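Quick caveat: nothing in here was measured; it's all calculated off a predicted structure. Computation of the quantities below employed the complete heavy-atom set of this structure, encompassing side-chain atoms and omitting hydrogens, waters and symmetry-equivalent molecules. By convention in this document, chain letters (A, B, ...) are assigned in the order of the sequence lines, proteins followed by strands, and residues within each chain are numbered from 1.
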2 protein chains.
Amino acid sequence: MLDQTDIRIMDELSKNSRITMKELGEKVHLTGQAASTRVAKLEDQGVIEGYTIKVNQEKLGYVVHAIIHIFTKNTNHQPYLSFLKKHDRYILNNYKVSGESCYLLECKLPSNEVLDEFLTNLSHYVGYKLSIVINRIG
Amino acid sequence: MLDQTDIRIMDELSKNSRITMKELGEKVHLTGQAASTRVAKLEDQGVIEGYTIKVNQEKLGYVVHAIIHIFTKNTNHQPYLSFLKKHDRYILNNYKVSGESCYLLECKLPSNEVLDEFLTNLSHYVGYKLSIVINRIG
DNA sequence: TCAACTCCTTTCACATTTCAAGTAAAAACG
DNA sequence: CGTTTTTACTTGAAATGTGAAAGGAGTTGA
């Protein structure tokens, strides 16, 4: 399905998705047009889901990075999910998981005060355990 | 530091980072050149850290998405970190966290068999608790 | 009022993308 | 085994986008 050239294209685009097709072609020993055709195919196949940017959340004022283990109290999760939707500027990910907790919620927040308020509201809907990210490693 | 136009630019680039500067300009009511200048400034400030792609990991054969809570057995974490480096094709994130566990390790793996082997090796270095991601919600 | 600064626009030479046409090799088929 | 089809690529030309320079409008401060 994907050959070595496709892998290298994905690799280069992961590093810099705004590279020109001409330059990308040079990196993988194709003409710009050939590279462009392959990229279009990867998009069609859904292997490339989209093009985006890496944002420095701290420079945007989000200095607290929290990972919250959610334990739902009852079978209806909708109130929790609605609560999240109302605070989606803070939400990075919400994973439904197997294991001890029901959800793993990843958040970015501007301060401990806002986190405090967020958790207070959150506790109306679900139980939780809090982890604060100190650093990203590797 | 960032005005409303900058925010909208970040928003548009998050949705599609391969948009032309001309088109981006139209979306935020600027000429292409003005948009281009603002984007360059956002890059210089480090607010935009880079341009990348969203990859469908499942279509690449990574069907298992695991989040592993790591409990280090002793004070020297280096063996664990070296182990990760050797398996970096499986690693999405490794966060040092406060809370119950020491690290939160996010992995993508091609199968339960590979996960099994990975965990077996992992357990030589650290203790862990496993969560499997069922779905991403919101 | 004037100078300096910021932010934007216009213009134009140059680079890139896109489209159509053509080639070569591999795969499919009788 | 020969023929057709398909796939992956290249080439060239037209359309489109980019980057640099020059300049205008609004703001700040002496």
Side-chain angles (χ1 to χ4, degrees), chain A residues 1-63 88-90 108 110-111, chain B residues 1-63 88-90 108-111 114:
Chain A
M1 185 169 168
L2 295 194
D3 64 14
Q4 212 49 41
T5 305
D6 289 323
I7 304 286
R8 290 181 60 195
I9 285 175
M10 301 282 289
D11 230 55
E12 291 298 334
L13 287 178
S14 294
K15 282 192 259 173
N16 175 16
S17 66
R18 272 195 77 86
I19 192 174
T20 64
M21 287 300 127
K22 192 183 179 196
E23 237 180 300
L24 177 60
E26 282 163 18
K27 295 208 185 231
V28 302
H29 306 301
L30 289 175
T31 59
Q33 290 83 334
S36 179
T37 306
R38 275 183 182 256
V39 170
K41 189 177 274 183
L42 289 168
E43 290 171 12
D44 290 345
Q45 292 173 325
V47 179
I48 295 176
E49 292 183 333
Y51 300 90
T52 189
I53 50 175
K54 277 183 270 186
V55 177
N56 186 322
Q57 298 292 349
E58 290 178 23
K59 300 223 171 172
L60 284 185
Y62 296 104
V63 295
D88 64 350
R89 66 190 171 289
Y90 299 142
K108 47 161 182 160
S111 69
Chain B
M1 187 170 167
L2 296 193
D3 64 14
Q4 213 47 43
T5 304
D6 289 323
I7 303 288
R8 291 181 60 196
I9 285 175
M10 300 284 289
D11 231 56
E12 291 299 333
L13 288 177
S14 295
K15 283 191 259 174
N16 176 15
S17 67
R18 272 196 76 84
I19 194 173
T20 63
M21 286 300 127
K22 193 183 178 193
E23 237 181 299
L24 177 60
E26 283 162 16
K27 296 211 185 228
V28 302
H29 307 302
L30 289 176
T31 58
Q33 289 77 347
S36 179
T37 307
R38 275 180 182 258
V39 169
K41 190 177 275 183
L42 289 168
E43 291 172 9
D44 290 344
Q45 292 173 325
V47 178
I48 296 176
E49 291 183 334
Y51 300 89
T52 188
I53 51 175
K54 276 182 273 187
V55 177
N56 187 321
Q57 299 290 349
E58 292 178 22
K59 300 223 169 170
L60 284 186
Y62 295 104
V63 297
D88 64 350
R89 67 189 170 289
Y90 298 143
K108 48 159 183 163
L109 297 125
S111 69
V114 175

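- Listed by first then second residue, pairs satisfying salt bridge (charged side-chain N to carboxylate O under 4.0 Å, His left out) with a partner in residues 1-14 of chain A read A:Asp3-A:Arg38, A:Asp6-A:Arg38, A:Glu12-A:Lys15, A:Glu12-A:Lys27, not counting sequence neighbours.
- DNA chain D is contacted by both B:Gly32 and A:Thr31; A:Thr31 maps to the nucleotide lying nearer its 5′ end (nearest heavy atom per residue).
- Scanning for side chain to side chain donor-acceptor pair (under 3.5 Å) contacts around A:Glu26 gives an empty result, with sequence neighbours left out.
- Bracketed by its first and final contacts, the part of DNA chain C lying under 4.0 Å from non-hydrogen atoms of chain A reaches from C:dT16 to C:dC19 in 5' to 3' order.
- The minimum heavy-atom distance linking B:Tyr90 with B:Pro110 is given by the pair CE2-CD, 3.8 Å.
- For B:Ser17 (side chain) and B:Leu13 (main-chain N/O), no donor-acceptor pair under 3.5 Å exists by modelled atom type.
- No donor-acceptor pair under 3.5 Å is formed between the side chain of A:Lys108 and the backbone N or O of A:Gly61.
- One finds the CD atom of B:Gln57 at 8.5 Å from the CD atom of A:Glu49 (value rounded to the nearest 0.5 Å).
- Closest of all the heavy-atom pairs between A:Leu60 and A:Val55 is CD1-CG1, 3.5 Å.
- Note that CD1 of A:Ile9 is 8.0 Å distant from CD1 of A:Ile48, once rounded to the nearest 0.5 Å.
- The distance from atom OG1 of A:Thr31 to atom CE of A:Met21, rounded to the nearest 0.5 Å, is 12.0 Å.
- In this view, A:Thr52 satisfies the side chain to side chain donor-acceptor pair (under 3.5 Å) rule with no residue, not counting sequence neighbours.
- Taking the C1' atoms of five terminal pairs at each end of the helix from C:dT1-D:dA30 to C:dG30-D:dC1, the two resulting helix axes are inclined by 30°, rounded to 10°.
- The stretch residues 35-52 of chain A touches DNA chain D through A:Arg38, A:Lys41, each having a heavy atom within less than 4.0 Å of the strand.
- By the side chain to side chain donor-acceptor pair (under 3.5 Å) test, A:Tyr51 pairs with A:Glu43, sequence neighbours left out.
- Listed by chain and residue number, nothing satisfies the side-chain contact (heavy atoms from CB on, under 4.5 Å) test with B:Val63 (two or more places apart in sequence, or in another chain).
- Here the straight-line distance linking atom OG of A:Ser36 with atom CG of A:Leu30 works out to 11.0 Å at 0.5 Å rounding.
- Heavy-atom contacts of chain B under 4.0 Å fall on DNA chain D between two terminal nucleotides, which in 5' to 3' order are D:dG17 to D:dA20.
- Contacts of residues 6-30 of chain A with DNA chain D (heavy atom under 4.0 Å): A:Leu30.
- Legend: residues meeting side chain to side chain donor-acceptor pair (under 3.5 Å) with A:Gln45, ordered by chain and number and at least two apart, are absent.
- When all heavy atoms of B:Leu42 and B:Met10 are compared, the pair lying nearest together is CD1-SD, 3.9 Å.
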